[in-house]
2 protein chains.
Amino acid sequence: MAYTYPYPRPMVTADVVVFAIIDGDLKVLLIKRGREPFEGQWALPGGFMDMDETPEQCAMRELREETGVTHLYLEQLYSFGAIDRDPRGRNISVAYFALIDSTKVVARAGDDAADAAWRSVYDLPVLAFDHHRIVDYALERLRNKAEYTTVSFQMLPDEFTLSELQAAYETILQKELDKRNFRRKMITLGILEETGGTRRKGVHRPAKLYRFKQENFEKLKDRGIVFPF
Amino acid sequence: MAYTYPYPRPMVTADVVVFAIIDGDLKVLLIKRGREPFEGQWALPGGFMDMDETPEQCAMRELREETGVTHLYLEQLYSFGAIDRDPRGRNISVAYFALIDSTKVVARAGDDAADAAWRSVYDLPVLAFDHHRIVDYALERLRNKAEYTTVSFQMLPDEFTLSELQAAYETILQKELDKRNFRRKMITLGILEETGGTRRKGVHRPAKLYRFKQENFEKLKDRGIVFPF
DNA sequence: ACAAAAGTGTTGAGAGTACACCCATGC
DNA sequence: GCATGGGTGTACTCTCAACACTTTTGT
């Protein structure tokens, strides 16, 4: 079957940069390509958009097919359209930015992917296409958003300790935060509530568990409240 | 001539939301469509991407062809890909956000456009496609950026008075700002320099003219300085 | 009792906000 | 001399940033 048009059209793909915090490191989900071009090289999950899906649905589908990952925070990042970005021909990639709680996800290779793995964003292999640029851009976006929104909560389990929350911010922003100031800030923002439970980690004092209070956060957003650390 | 592909491909277009401050109002540049679909309706400047240009180059070209407008601040806004957004078939629009100094621009209809005009963003006609959504999104982006960057300067002449600058912010943000606080803030940021000249407006005390100091602004950006009014 | 992470308060500096009057000019 | 927009200072509040010790637990 073939498709004919009076004017040339580019290919349209969607690619996804999925971030998770694993072992105290900021990781990106990569697949090893199972076919040409760039066969055997690491790349972002992604692929061609079907005619009956939006770019966003395409991003979700490719992610599911290639890595088994579902149920995550997803937002559009940027569209990459350099003329020579794909050796197969003219290609516009709508790139997405995603965050997931690593305790909820098991990445496994599927579909066109020969392998799937979490790799440190600070120690990436050579990537296919212009995917390195896409990751760089996504990291910049993540850091910006971490400073004035609550996206970081998307990378934590439903219940978490303040130390875990602080560690997430430190991993994303790559800078140390003052424990007392951090805790005061989070508590006084009023977007956390204690679950009543505690987490015992090793042999030390157990830490209180908290949960994110979405309702209270909505109120803050309307007032333009910011998170400067 | 026809183009044939083994899989179907969507059309790719670029559309541009150009903002300018004219007569103390925030205006958007629109064209009246000269052909189907939506012939005779107002729409954003834009059109089909050629195979030898990037989406950004396409946005600039269409803008020039349809309205004669060149030399402006342009950044990518968002890609719109709803399945039914174009009655001609599947279409991905890479939308751009642009700002221009209204003293430097003369919009005239050209090419496929039957007319071109600046319309208040607060009183828009019915627009073709999903262009109303695109304008809404662009306005949100403009307001966000106005609060923590210096994009607003892109909408002023090279030399301007502090009152003109304040009026630009007030027009964009749709709220009144305190004159003394605004001036102190701008002066102490160190991103303005006096040109030495003055602007006489009517019969009153002449106002000092200032110029934007890009170099000093770059330093601030690195330190993450913010503009909250 | 000790090792290790959890948890807690105070102070000083800087920025934001609110607010009202004098100045320079052309007619 | 008056009408009009240009231009200026102060006091209060709040948030940020810096900084070190006590508490709880398991072994």
Side-chain angles (χ1 to χ4, degrees), chain A residues 23-24 146-150 156-157 159-171 173 175-211 219-221 223-229, chain B residues 23-24 146-150 156-157 159-171 173 175-211 219-221 223-229:
Chain A
D23 302 334
E147 295 210 343
Y148 68 94
T149 73
T150 54
L156 288 174
E159 302 193 352
F160 49 84
T161 68
L162 285 174
S163 294
E164 288 165 358
L165 181 59
Q166 181 174 345
Y169 272 95
E170 291 180 336
T171 302
L173 300 176
K175 66 180 173 193
E176 295 196 353
L177 302 172
D178 181 88
K179 183 161 61 161
R180 280 165 295 186
N181 292 339
F182 181 85
R183 284 165 184 246
R184 182 181 27 256
K185 182 71 188 269
M186 285 297 164
I187 298 298
T188 60
L189 278 172
I191 55 175
L192 297 181
E193 65 181 356
E194 298 189 18
T195 67
T198 57
R199 168 122 61 225
R200 243 165 293 272
K201 187 181 183 181
V203 65
H204 318 303
R205 176 174 180 171
K208 286 184 191 166
L209 285 170
Y210 293 83
R211 179 186 304 126
K219 292 175 210 154
L220 286 181
K221 274 201 302 197
R223 296 290 305 138
I225 304 297
V226 161
F227 275 41
F229 292 104
Chain B
D23 302 332
E147 295 210 342
Y148 68 94
T149 72
T150 53
L156 288 174
E159 302 192 353
F160 49 85
T161 69
L162 284 175
S163 295
E164 289 165 357
L165 181 59
Q166 182 175 345
Y169 272 96
E170 291 179 336
T171 302
L173 299 176
K175 66 179 173 192
E176 295 197 351
L177 302 172
D178 181 89
K179 182 160 62 160
R180 280 166 295 187
N181 293 340
F182 181 85
R183 284 164 184 246
R184 183 181 28 255
K185 181 70 187 270
M186 285 297 164
I187 298 296
T188 60
L189 278 172
I191 56 175
L192 298 181
E193 66 181 355
E194 298 188 17
T195 67
T198 57
R199 167 121 61 223
R200 242 164 294 269
K201 186 182 185 181
V203 65
H204 318 302
R205 177 174 177 172
K208 285 184 191 166
L209 286 169
Y210 292 83
R211 180 185 304 127
K219 291 175 211 156
L220 287 182
K221 274 201 301 196
R223 296 290 303 137
I225 304 298
V226 160
F227 274 42
F229 291 104

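Computed from a predicted structure; not experimentally measured. Convention: sequence-line order gives letters A, B, ...; per-chain numbering from 1.
- When distances are taken from the side chain of B:Asp178 to each of D:dT27, C:dC19, C:dG26, the shortest belongs to C:dC19.
- Between B:Gln166 and B:Met186, every side-chain heavy-atom pair lies at or beyond the 4.5 Å cut-off.
- At least one side-chain heavy atom of A:Leu165 sits less than 4.5 Å from a side-chain heavy atom of A:Phe182.
- Under a cut-off of 6.0 angstrom, the local environment of CD in A:Glu193 is crowded, with over 12 non-hydrogen atoms contributed by other residues, nucleotides or ligands.
- Regarding A:Arg200, its CZ atom lies at a distance of 11 Å from the P atom of D:dT27, rounded to whole Å.
- Taking atom CG of A:Leu177 as the reference point, atom C1' of D:dA18 lies 14 Å away to the nearest angstrom.
- If you take CD of B:Glu194 and P of D:dG7, they are 9 Å apart, rounded to a whole angstrom.
- For the pair A:Leu192 and A:Leu162, the minimum side-chain heavy-atom distance is below 4.5 Å.
- Using a 4.0 Å cut-off, some side-chain N or O of A:Arg183 falls inside it from OP1 or OP2 of C:dG7.
- Atom CG of B:Leu209 is separated from atom C1' of D:dG6 by 12 Å (rounded to the nearest Å).
- Between A:Asn181 atom CG and C:dG12 atom C1' there is a gap of 13 Å when expressed in whole angstrom units.
- Remark: A:Arg180 engages no residue in a side chain to side chain donor-acceptor pair (under 3.5 Å) (not counting sequence neighbours).
- Contacts of B:Thr195 classified as side chain to side chain donor-acceptor pair (under 3.5 Å), with partners at least two apart in sequence or in another chain: none.
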Any protein N or O atoms within reach of nucleotides 21-23 of chain D? Criterion: under 3.5 Å, listing atom names and distances.
| from | atom 1 | to | atom 2 | distance (Å) |
| --- | --- | --- | --- | --- |
| D:dT23 | O2 | A:Arg205 | NH1 | 2.9 |

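- Between the C1' atom of D:dG5 and the CD atom of B:Gln166 lies a distance of 12 Å, rounded to the nearest Å.
- In the set C:dG26, D:dC19, C:dG7, C:dG7 carries the atom at the smallest distance from any side-chain atom of A:Lys208.
- Atom NZ in B:Lys175 sits about 13 Å away from atom P in C:dG16, given to the nearest Å.
- When heavy atoms are screened at a 4.0 angstrom cut-off, A:Ser163 is found touching the sugar-phosphate backbone but no base atom.
- A donor and an acceptor atom sit less than 3.5 Å apart, one in the side chain of B:His204 and one in the base of D:dT4.
- Put simply, the side chain of A:Lys175 does not reach to within 4.5 Å of the side chain of A:Glu170, judged on heavy atoms.
- Checking C:dG26, D:dG6, C:dG7 against every side-chain atom of B:Val203, the shortest atom distance belongs to C:dG26.
- Taking atom CG of A:Leu189 as the reference point, atom P of D:dC14 lies 16 Å away to the nearest angstrom.
- For B:Arg180, counting side-chain heavy atoms from C-beta on, the closest listed nucleotide (C:dA20, D:dG6, D:dT24) is C:dA20.
- Comparing C:dA24, C:dT17, C:dG26 by their nearest atom to the side chain of B:Arg184 picks out C:dT17.
- For B:Lys185, the side-chain atoms get nearest to C:dG16 when compared with the rest of C:dG9, D:dC16, C:dG16.
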